[in-house]
Structures are given as C-alpha cells and as structure tokens.
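Quick notes on the structure that follows.
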Amino acid sequence: MRLSFYQFLMTQRNPNGADEVEQFANNAFFDMLFPKQSHDFDEVSHYLEDNARYLPSMTIFDEAWKRYLEKMN
C-alpha cells in the first residue's frame, strides 16, 4: 500500500534534528487538521499555504515532497 504524504513525513521526524524537513515533520505531527490521507501535491500544498504557520518556507515542503516521490519509486 502506498503511503500518504503525511505517513511518509512522519518517518522523517527527529525531535533533535536540525534538518528543515525533520522540523517540518515534527511540527506537522501536532497539526490536527493536516490532510493525513492525501497523496495529492496540490491539496497538501494549498493546505500548507493557507494553514501552516509553522512552515517558514514552501521550499521545505518541496524538498519533503521530492523525498516522498523518491521513496515511492
């Protein structure tokens, strides 16, 4: 079964990590409204642009999505 983006992102969590994607994952863990079942770039991207004040730059999301695609291939 293919992981949703959120499920993948949770594999990137590291409470002590300095990597921006790790920090994104740490913060997304506490976001109760995150679209947890989505596999869709546009859906997740729009959600983050409108709601994720914890994400300082969308380039961090882009990097996380790139890692997600690499993992899924």
Side-chain angles (χ1 to χ4, degrees):
M1 181 168 166
R2 184 176 171 206
L3 294 174
S4 70
F5 176 72
Y6 180 82
Q7 290 169 318
F8 163 77
L9 190 60
M10 293 301 99
T11 70
Q12 304 299 298
R13 289 182 65 214
N14 180 355
N16 300 317
D19 180 87
E20 291 177 321
V21 173
E22 292 172 343
Q23 291 303 311
F24 170 32
N26 295 337
N27 290 321
F29 175 76
F30 296 103
D31 183 349
M32 302 309 272
L33 299 176
F34 197 100
K36 293 178 173 72
Q37 303 306 314
S38 183
H39 299 93
D40 184 73
F41 177 88
D42 290 330
E43 179 182 6
V44 177
S45 178
H46 289 286
Y47 172 80
L48 293 170
E49 287 172 353
D50 293 341
N51 301 293
R53 308 229 187 290
Y54 55 82
L55 188 62
S57 170
M58 287 301 287
T59 59
I60 299 167
F61 166 65
D62 292 337
E63 175 60 28
W65 192 268
K66 177 182 164 199
R67 294 181 192 183
Y68 172 60
L69 293 178
E70 288 170 356
K71 174 96 174 175
M72 295 300 105
N73 289 329

Using 30° and 60° as the class limits, which term best fits the ring planes of Tyr68 and Phe8: parallel, tilted or perpendicular?
tilted

Could you tell me which non-hydrogen atom of Asn14 sits nearest to which non-hydrogen atom of Gln23, and how far apart they are?
O-NE2, 4.1 Å

So which heavy atom on Met10 is nearest to which on Ala25, and how close?
CE-O, 3.4 Å

Tell me, do Arg67 and Gln12 make a side-chain contact under 4.5 Å, heavy atoms counted?
yes

Between Phe29 and Arg13, is there a cation-pi geometry (under 6.0 Å to ring centre, at most 45° from the normal)?
yes

Between the side chain of Gln7 and the main-chain N/O of Ser4, is any donor-acceptor distance below 3.5 Å?
yes

Flag side-chain contact, heavy atom, 4.5 Å: Val21 against Phe61
no

Please round to the nearest 0.5 Å and tell me the distance separating atom CD of Glu63 and atom OG of Ser57.
11.5 Å

Give a yes/no verdict on a cation-pi contact between Lys36 and Tyr6, requiring under 6.0 Å between NZ or CZ and the six-membered ring centre and an angle within 45° of the axis.
yes

Nearest atoms (heavy-atom pairs only) where Met58 meets Glu49
CE-CG, 3.8 Å

Nearest-0.5 Å distance that lies between atom CD in Glu70 and atom NZ in Lys66
5.5 Å

Output the distance between atom CZ (Arg53) and atom CG (Leu48), rounded to the nearest 0.5 Å.
12.0 Å

Report the distance from atom CG of Leu55 to atom CG of Asn27, rounding to the nearest 0.5 Å.
8.5 Å

Describe, in one word, how the ring planes of Phe5 and Phe24 are oriented to each other, choosing from parallel (under 30°), tilted (30 to 60°) and perpendicular (over 60°).
tilted

Can you tell me how far apart CG (Asn51) and NE2 (His46) are? Round to the nearest 0.5 Å.
12.0 Å

Hey, are Asp31 and Tyr47 close enough side-chain-wise for a donor-acceptor pair under 3.5 Å?
yes

Interatomic spacing from CG in Leu3 to CE in Met72 - rounded to 0.5 Å:
4.0 Å

